[in-house]
Q: 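So that we are looking at the same thing, I have put the structure below in structure tokens.
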Amino acid sequence: MRASQFLIATQKETPADAEVISHQLMLRSGMIRKLAAGLYSWLPMGLRVLRKAEAIVREEMNRAGVQEVLMPVTQPAELWEESGRWEQYGPELLRIKDRHGRSFCLGPTHEEVITDLVRNELRSYKQLPASFYQIQTKFRDEIRPRFGIMRSREFLMKDAYSFHISQESLQQTYEVMYQAYSAIFQRMGLDFRPVLADTGSIGGSHSHEFHVLAESGEDDIAFSTESDFAANIEMAEAVAPTGERPAAKEQVKDVETPNQHSIEEVSQFLGMEKSNVAKTLIVLAEPEDEEASDPSQLIALVLRGDHELNDIKTEKLRGVASPLTFASEEQVKQQLGCNVGSLGPVGLNIPIIVDRSAAHLADFACGANKEGVHLTGVNWERDCPLARVEDIRNVLAGDLSPDGKGVLEIKRGIEVGHIFQLGSKYSEAMNARVLNEEGREQVMLMGCYGIGVSRVVASAIEQNNDDNGILWPNALAPFQVALIPINMHKSEQVRETCEKLYAELLESGVDVLFMDQEKARLGGMLADVELIGLPHRIVVGDRGLEKGVVEYRNRRETENQDIPLAELHEFLKRFLNEPLNERMLS
RNA sequence: CGGGGCGUAGCGCAGUCUGGUAGCGCACUACACUGGGGGUGUAGUGGUCGUCGGUUCAAAUCCGGCCGCCCCGACCA
């Protein structure tokens with residue numbers, strides 16, 4: 001590509017509304033432009049990157065035996081009513097009406113459409129397993145779009161769905177997808193981790209997320225230092241402390257604690273570690289039966305003062321309302337007779353769930369359920385019953401790994417992929433059956449597998465940048481090589497050499513950007529090429545040509561290398577010989 | 001939706017408190033010089049100051065409504 005025929009829309013200054021580095025650099029390097037909140041146009045430079053990411057995903061999906069389809073963005077409400085999600089999905093689902101008043105939505109995902117398609121097309125177990133994917137624009141009316149392309153309302157997603165006659169078959173495909181995902185992110189040159197995950201609103205049982213590790217990530221991931229255990233912090237099990245609970249040494253004492261409410265305040269006031277103060281949270285209970293639903297039923301949760309409640313784990317517990325809802329201050333005051341800051345498990349007349357670690361405390365402090373008073377020297381069993389012990393806290397760095405090997409470490413991650421074993425959730429609701437070997441109708445089992453293709457692009461930048469701009473991994477770079485002439489308008493020699501090199505590089509399938517603008521200044525071109533992040537650059541000038549060389553520099557290095565013209569081709573081959581997709585783009 | 005902030009040229013900003021000719025830097029156009037890391041000079045282009053209404057002789061500036069955008073929380077590829 002010739003720069004003179006290609007929009008290079010770089011900017012010197014960082015737009016004020018871009019917070020994270022990937023957003024800033026995508027705007028500055030002229031990859032994207034904002035249309036409205038969470039809606040972005042892809043400029044030619046950015047689109048090339050997006051297409052490269054797409055091509056890698058497509059290749060690996062095809063390799064894994066998944067068939068490409070393309071489904072409509074606009075979907076009829078009826079399908080969503082069938083699956084129950086028209087009600088369930090909430091305001092993130094953009095609902096629209098056509099001119100006849102019929103209801104539709106813009107697809108945030110395509111389980112309904114693919115299930116409808118497959119139930120009509122597949123009749124026999126002999127056609128299974130079958131997997132389909134598409135790469136397509138999704139719409140989710142995010143409450144708060146942010147970080148540019150990272151969390152936008154319209155985004156490009158690869159979504160795949162698999163159909164099975166048995167759990168074993170589903171398991172197998174899940175495994176294949178897991179491997180394909182690993183291959184995809186590896187080829188893109190990303191530092192990523194597959195982690196155990198919650199299934200969230202999509203539903204189903206078994207699930208992994210693929211995270212690109214980056215400080216700006218929105219998720220916390222827990223890793224073992226010794227094994228390959230990795231889980232989203234939402235899911236990571238906090239193992240029970242080992243050994244017996246220490247024996248009680250102290251007697252219960254009332255201590256006046258005027259105006260001391262938070263764990264911080266109380267522990268300081270009492271001169272105790274936060275870890276030896278129990279914190280008591282009050283949440284709503286699950287109505288026992290729907291008719292007699294009494295929204296005022298409460299449950300107490302007890303944690304160590306230095307631990308944080310994990311709402312995902314907690315709301316899955318029997319008896320706890322899902323989604324997890326905290327009782328209001330008035331509710332607590334009215335039913336328990338004291339302020340939120342003075343609660344404790346002793347003498348509390350509602351069900352109590354105690355965290356595993358909190359259950360291991362001895363001689364601890366807690367609220368006395370009386371304003372301005374706390375108890376010290378409290379012990380389970382002796383002073384209050386230890387009826388129900390569960391895992392309800394977030395793991396902390398340094399906790400034991402649930403698989404017994406090593407301790408946990410916590411890092412931030414950007415979720416770029418998610419795979420689920422859905423089971424029969426959609427096929428059951430939408431009656432997607434095939435005949436089995438016995439000639440009987442059987443509901444198919446499903447898996448679903450997503451990759452945020454546009455998000456991958458942003459996360460690659462989060463991981464690869466420096467003060468001068470982006471450092472694209474080879475596989476995602478919009479161009480592999482920048483060809484930069486010095487004073488081409490003055491030197492016939494430079495012009496001829498560049499034209500010749502350009503033609504040769506194109507000929508050998510190298511994605512090259514020829515900075516051929518008349519009179520463009522060297523400094524400007526170098527700055528642009530660095531900002532855009534092209535991995536390799538060749539500078540051609542009279543000085544070098546006198547000696548028969550051109551200059552090469554890798555974007556990740558700071559030194560130039562003189563390469564004899566005659567050897568350039570061989571030289572470039574060495575690092576361009578990776579599985580690239582230049583040809584798909586030309 | 002709750003809390004905080006911002007809307008003045010394509011981008012970054014000043015001007016608003018204290019009402020009186022709409023400014024600066026970058027970018028862009030033309031010409032000249034310059035020519036190995038965003039060069040210099042001269043001359044230019046570009047803004048109904050988010051929007052609607054009010055106060056006033058006079059509003060970017062004061063008052064009110066609306067709209068948009070960004071940040072912090074719940075959601076997710």
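So that the names make sense, note that chain A is the first sequence line, chain B the second, and so on, each numbered from 1.
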Q: May I ask you to say what A:Gly90 touches in the nucleic acid, namely base, sugar-phosphate or nothing, with a heavy-atom cut-off under 4.0 Å?
A: nothing

Q: Looking for any heavy atom pair under 4.0 Å, which part of the strands does A:Asp17 touch: base, sugar-phosphate only, or nothing?
A: sugar-phosphate

Q: Only pairs with both distances under 3.5 Å count, Watson-Crick or wobble alike; so what is the partner of B:rC1 in this structure?
A: B:rG73

Q: Where each residue is assigned the nucleotide of RNA chain B containing its nearest heavy atom, which of A:Asp311 and A:Glu551 is assigned the position nearer the 5′ end?
A: A:Glu551

Q: Side-chain N or O of A:Lys34 less than 4.0 angstrom from OP1 or OP2 on B:rC70?
A: yes

Q: Using the C1' atom in both, what is the distance from B:rG12 to B:rU21, to the nearest Å?
A: 25 Å

Q: Sugar-phosphate means primed atoms, P, OP1 and OP2; the rest is base. With that split, encode nucleotides 38-46 of chain B 5' to 3' as B, S or - using protein heavy atoms under 4.0 Å.
A: BB-------

Q: Partner lookup for B:rA58, please. Criteria are Watson-Crick or G-U wobble with both distances under 3.5 angstrom; report none if nothing qualifies.
A: none

Q: For a quick check under 3.5 Å, do A:Arg537 and A:Asn554 share a side-chain donor-acceptor pair by atom type?
A: no

Q: Reckon A:Asp219 touches a base, only the sugar-phosphate, or nothing at all at heavy-atom distances under 4.0 Å?
A: base

Q: Rounded to whole angstroms, how far apart are CZ on A:Arg85 and C1' on B:rC76?
A: 13 Å

Q: Is it true that A:Arg412 and A:Asp219 make a salt bridge, defined as a side-chain N closer than 4.0 Å to a carboxylate O?
A: no

Q: Can you confirm whether the side chains of A:Glu154 and A:Ser152 place a donor and an acceptor under 3.5 Å from each other?
A: no

Q: With C1' as the reference atom in both, quote the distance from B:rU42 to B:rC6 in angstrom, rounded to an integer.
A: 38 Å

Q: Base, sugar-phosphate alone, or nothing: which one does A:Lys519 contact when heavy atoms must sit under 4.0 Å apart?
A: base

Q: Looking at A:Phe479, is A:Arg48 sitting on its ring face, NZ or CZ under 6.0 Å from the six-membered ring centre and within 45 degrees of the normal?
A: yes

Q: Quantified in whole Å, what is the C1' atom distance between nucleotide B:rC72 and nucleotide B:rA27?
A: 34 Å

Q: If we take the C1' atom in both B:rA14 and B:rC49, what is their distance in whole Å?
A: 13 Å

Q: Knowing that exactly one of A:Met31, A:Arg555, A:Glu530, A:Arg28 qualifies, which makes a side chain to side chain contact (heavy atoms under 4.5 Å, CB included) with A:Ile470?
A: A:Met31

Q: Check every atom of B:rA77, B:rG35, B:rC75 against the side chain of A:Glu92 and return the nucleotide holding the closest atom.
A: B:rC75

Q: May I ask which nucleotide in the shown strands pairs with B:rU16, Watson-Crick or G-U wobble, both distances under 3.5 Å?
A: none

Q: Which part of the nucleic acid, if any, lies within reach of A:Ser491 when heavy atoms closer than 4.0 Å are counted: base, sugar-phosphate only, or nothing?
A: nothing

Q: For B:rG44, which nucleotide is its Watson-Crick or G-U wobble mate, given both distances must be under 3.5 Å?
A: B:rC28

Q: Judged by each residue's nearest nucleotide on RNA chain B, which is more toward the 5′ side, A:Asn560 or A:Gly38?
A: A:Asn560

Q: Name the nucleic acid region contacted by A:Lys158, choosing base, sugar-phosphate or nothing; use a 4.0 angstrom heavy-atom cut-off, strictly under.
A: nothing

Q: What side-chain donor-acceptor pairs closer than 3.5 Å can you find for residues 34-47 of chain A, not counting sequence neighbours?
A:
{"unit_1": "A:Lys34", "atom_1": "NZ", "unit_2": "A:Asp17", "atom_2": "OD2", "d": "3.2"}
{"unit_1": "A:Tyr40", "atom_1": "OH", "unit_2": "A:His23", "atom_2": "NE2", "d": "3.2"}

Q: Among side-chain atoms of A:His110 and A:Lys138, is any donor-acceptor pair under 3.5 angstrom?
A: yes

Q: Under the rule for ring-ring contact (aromatic ring centres under 6.0 Å, His included), what residues qualify as partners of A:Trp472, not counting sequence neighbours?
A: none

Q: Base, sugar-phosphate, or nothing for A:Glu209, non-hydrogen atoms under 4.0 angstrom?
A: nothing

Q: A:His211 has an atom NE2; how far is it from atom C1' of B:rC76, in whole Å?
A: 10 Å

Q: If you go through the side-chain atoms of A:Arg146, does one of them form a donor-acceptor pair with the base of B:rC71 closer than 3.5 Å?
A: no

Q: Separation of A:Leu94 atom CG from B:rC76 atom P, in whole Å?
A: 18 Å

Q: Rounding to an integer number of angstrom, what distance separates B:rC28 and B:rG10 when you compare their C1' atoms?
A: 9 Å

Q: Please confirm whether A:Tyr178 and A:His208 have ring centers closer than 6.0 angstrom.
A: yes

Q: Expressed as a whole number of Å, how far does the C1' atom of B:rC67 sit from that of B:rC52?
A: 10 Å

Q: Select one nucleotide: of B:rC13, B:rC76, B:rC72, the one nearest the side-chain heavy atoms of A:Ala16.
A: B:rC13

Q: With a non-hydrogen cut-off below 4.0 angstrom, is A:Glu530 in contact with a base, only sugar-phosphate, or nothing?
A: base

Q: Ignoring hydrogens and angles, does a donor from either the side chain of A:Arg33 or the base of B:rC11 sit under 3.5 Å from an acceptor on the other?
A: no

Q: Starting the side chain at C-beta, find the nucleotide from B:rC69, B:rA77, B:rC11 nearest to A:Ala37.
A: B:rC69

Q: Looking at A:Lys313 and A:Glu237, is there a salt bridge between them, counting it only when a charged N and a carboxylate O are closer than 4.0 Å?
A: no

Q: Return the value, rounded to whole Å, for the distance between atom NE2 of A:His489 and atom P of B:rA32.
A: 12 Å

Q: Record whether the side chain of A:Arg151 comes under 3.5 Å of the base of B:rC76 through a donor-acceptor pair of N or O atoms.
A: yes

Q: Side-chain donor or acceptor of A:Arg537 under 3.5 Å from a matching atom on the base of B:rG37?
A: yes

Q: Going by purine N1 to pyrimidine N3 plus the second Watson-Crick contact, or the G-U wobble pair, all under 3.5 Å, which nucleotide sits opposite B:rC33?
A: B:rG39

Q: Heavy atoms under 4.0 Å, any strand shown: does A:Met150 hit a base, just sugar-phosphate, or nothing?
A: base

Q: Can you tell me how far P in B:rA22 sits from the matching atom in B:rU61, rounded to whole Å?
A: 14 Å

Q: Give the rounded distance in Å between these two atoms: CZ of A:Phe147 and P of B:rC69.
A: 17 Å

Q: Tell me whether the centres of the aromatic rings in A:His206 and A:Tyr174 are closer together than 6.0 Å.
A: yes

Q: In whole Å, what is the span from the CZ atom of A:Arg553 to the C1' atom of B:rG36?
A: 12 Å

Q: Using atom P of each nucleotide, how far apart are B:rG68 and B:rA60 to the nearest Å?
A: 24 Å

Q: Any strand counts, and the cut-off is 3.5 Å on both contacts for Watson-Crick or G-U wobble. Which nucleotide pairs with B:rC6?
A: B:rG68

Q: Rounded to the Å, how far apart are A:Glu111 CD and B:rA77 P?
A: 9 Å

Q: Would you mind reading off the distance between A:Glu142 atom CD and B:rC71 atom C1', rounded to a whole angstrom?
A: 16 Å

